[in-house]
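In what follows, every heavy atom counts, from backbone to side chain, and hydrogens, waters and symmetry copies are set aside. The chains referred to below are lettered A, B, ... by the order of the sequence lines, with proteins before strands, and numbering in each begins at 1.
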Amino acid sequence: MPYLTTASKIDQIVAEYTKAKTLWIDTEVADYNSRNPRLSLIQVLDDPEDMSGDRVFLLDVLDQPDLVANFIQQIMVNPDIEKVFHHASYDVKFLGDKKARNITCTLEIAKKIPYYLLPVPNYQLKTLATVLCNFHYIDKQAQTSDWGQRPLTEEQIDYAYLDCIYLAQVHKCLLELQSEGDPAPEAEDLIALNLRYTQIEEQWKLLNSEVEHLQERIKKAMQAQNVSETSFFKLTAYERKTVKAQFLELARLVQSQGLNFDFSITLTQKLQKDLGGNLEQLSVEIDTSNSWRLTPKNQESNSENE
DNA sequence: TCTAACACAGTGGTCGTTGT
DNA sequence: ACAACGACCACTGTGTTAGA
């Protein structure tokens, strides 16, 4: 894991990265809990197969805004290079923010995968690396260490390059899971899908009804017994308010005050009926959309009817 | 510490289906 | 014709999560 500290070497590797198709990137930030966080390291991996760390370059950019600006200009805004991060929005804040293009976020991919395909307690990179890629003994202690100090400790360096490797591996596994979980509808086997559905439907009903029932009972019991917290649940009450006004009064106010206050409201079927013929005097906008409904058929009663 | 993005619960409403 | 039902949606407000 080459650790680059000089401007010339960093600019040189950045120039090489402009030819890359995909880069796996992570950053470390100093003073993250202050008003002025400083970018400390940019770690870049250009070969996802590399597990040795030889292809992870650590760019030391602490208090080097010119180097960061160059990285943003050459890499981040370039739409032809895919940049992969975990929780991209955090890192991208420091790397060009809204100007950044072609960003992939492994956190977002992971969260979109249905729970039963990826049953994890949380979506931290460490957890995903452990569950998906069988990495063990991941030490996250360095994460909150002082990234503003120089020289960095050996642990910090190890942590920094390992994170990139986890990232690329997690990304690879996520893409595989994603393609499994998202088959082309044209190619789906409807018989198999229906079979699987009927297989688990009964268990689902049993479990679902019991979970809901338990929630209700726990809620009522905690209220009745004045318990706001157990080791499993927290019960909180909150006030909801809805502010309402009479339509006529509002209309008059807007008119008399000459307020710039206009928007469309949905004319429900009831309102349309109440308006009757007067409706024709309004220039209504009509939105049409199609939606599809899946209705399970009751197999037993069907056969009875026949 | 920051912070956007989510997830969730609860309320109230629409609208089509179903049974009488 | 009408009520009951459920699927679905919009909206308010709370709380959690992930990164260093």
*Asks:* Report whether Tyr116(A) and Tyr123(A) are members of the same hydrophobic cluster (ILVMFWY, side-chain heavy atoms less than 4.5 Å apart, transitive linking).
*Replies:*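 Yes, Tyr116(A) and Tyr123(A) fall within the same hydrophobic cluster.
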
*Asks:* If you draw a 6.0 Å radius around CD in Glu188(A), do more than 12 non-hydrogen atoms from other residues or ligands fall strictly inside?
*Replies:* yes

*Asks:* Tell me: CG of Asp91(A) to C1' of dT3(B), nearest whole Å?
*Replies:* 14 Å

*Asks:* Whole angstrom is fine here: how far is it from CD1 in Ile25(A) over to P in dG19(C)?
*Replies:* 17 Å

*Asks:* May I have the distance from Glu108(A) (atom CD) to dG19(C) (atom C1'), rounded to whole angstrom?
*Replies:*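 Atom CD in Glu108(A) sits about 13 Å away from atom C1' in dG19(C).
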
*Asks:* Could I get a table of every N or O pair under 3.5 Å where one atom is in the protein and the other is in nucleotides 16-18 of chain C?
*Replies:*
residue : atom : partner   : partner atom : Å
dA18(C) : OP1  : Tyr123(A) : N            : 2.7
dA18(C) : OP2  : Gln124(A) : NE2          : 3.4

*Asks:* Using the rule that two of Ile, Leu, Val, Met, Phe, Trp, Tyr join whenever any of their side-chain heavy atoms come within less than 4.5 Å, decide whether Val77(A) and Leu67(A) are in one cluster.
*Replies:* yes

*Asks:* At under 4.0 Å between heavy atoms, what does Ser34(A) touch on the DNA or RNA strands: base, sugar-phosphate, or nothing?
*Replies:*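 Answer is nothing: Ser34(A) stays at 4.0 Å or more from every strand.
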
*Asks:* Kindly indicate whether the side chain of Leu45(A), heavy atoms from C-beta on, has any atom under 4.5 Å from the side chain of Leu23(A).
*Replies:* no

*Asks:* Just to be sure I understand the rule, does Asp163(A) reach a base, reach only the sugar-phosphate, or reach nothing, if contact means heavy atoms closer than 4.0 Å?
*Replies:* sugar-phosphate

*Asks:* Would you kindly say whether Asp50(A) and Ser52(A) are connected by a side-chain donor-acceptor distance under 3.5 Å?
*Replies:*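 Ser52(A) and Asp50(A) do have a side-chain donor-acceptor pair below 3.5 Å.
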
*Asks:* Please report the distance, rounded to the nearest Å, between NZ in Lys98(A) and P in dT3(B).
*Replies:* 11 Å

*Asks:* To the nearest Å, give me how far apart CG (Asp26(A)) and P (dG19(C)) are.
*Replies:*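 In whole Å, dG19(C) P and Asp26(A) CG are 9 Å from each other.
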
*Asks:* Which residue in the set His86(A), Lys83(A), Glu82(A) passes side-chain hydrogen bond (donor to acceptor under 3.5 Å, both in side chains) when paired with Thr104(A)?
*Replies:* Glu82(A)

*Asks:* To the nearest Å, give me how far apart CG (Asp97(A)) and C1' (dC2(B)) are.
*Replies:*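 That distance rounds to 13 Å.
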
*Asks:* Roughly how many Å is it from OH in Tyr115(A) to P in dA7(B), rounded to a whole number?
*Replies:*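 That distance rounds to 15 Å.
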
*Asks:* Just how far, in rounded Å, is P of dC6(B) from OH of Tyr90(A)?
*Replies:*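 Between P of dC6(B) and OH of Tyr90(A): 19 Å.
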
*Asks:* For a quick check of understanding: with a heavy-atom distance under 4.0 Å over all strands, which category does Phe94(A) fall into, base, sugar-phosphate or nothing?
*Replies:* nothing

*Asks:* Do Lys9(A) and Asp60(A) sit within salt-bridge range, that is, some charged N less than 4.0 Å from a carboxylate O?
*Replies:* no

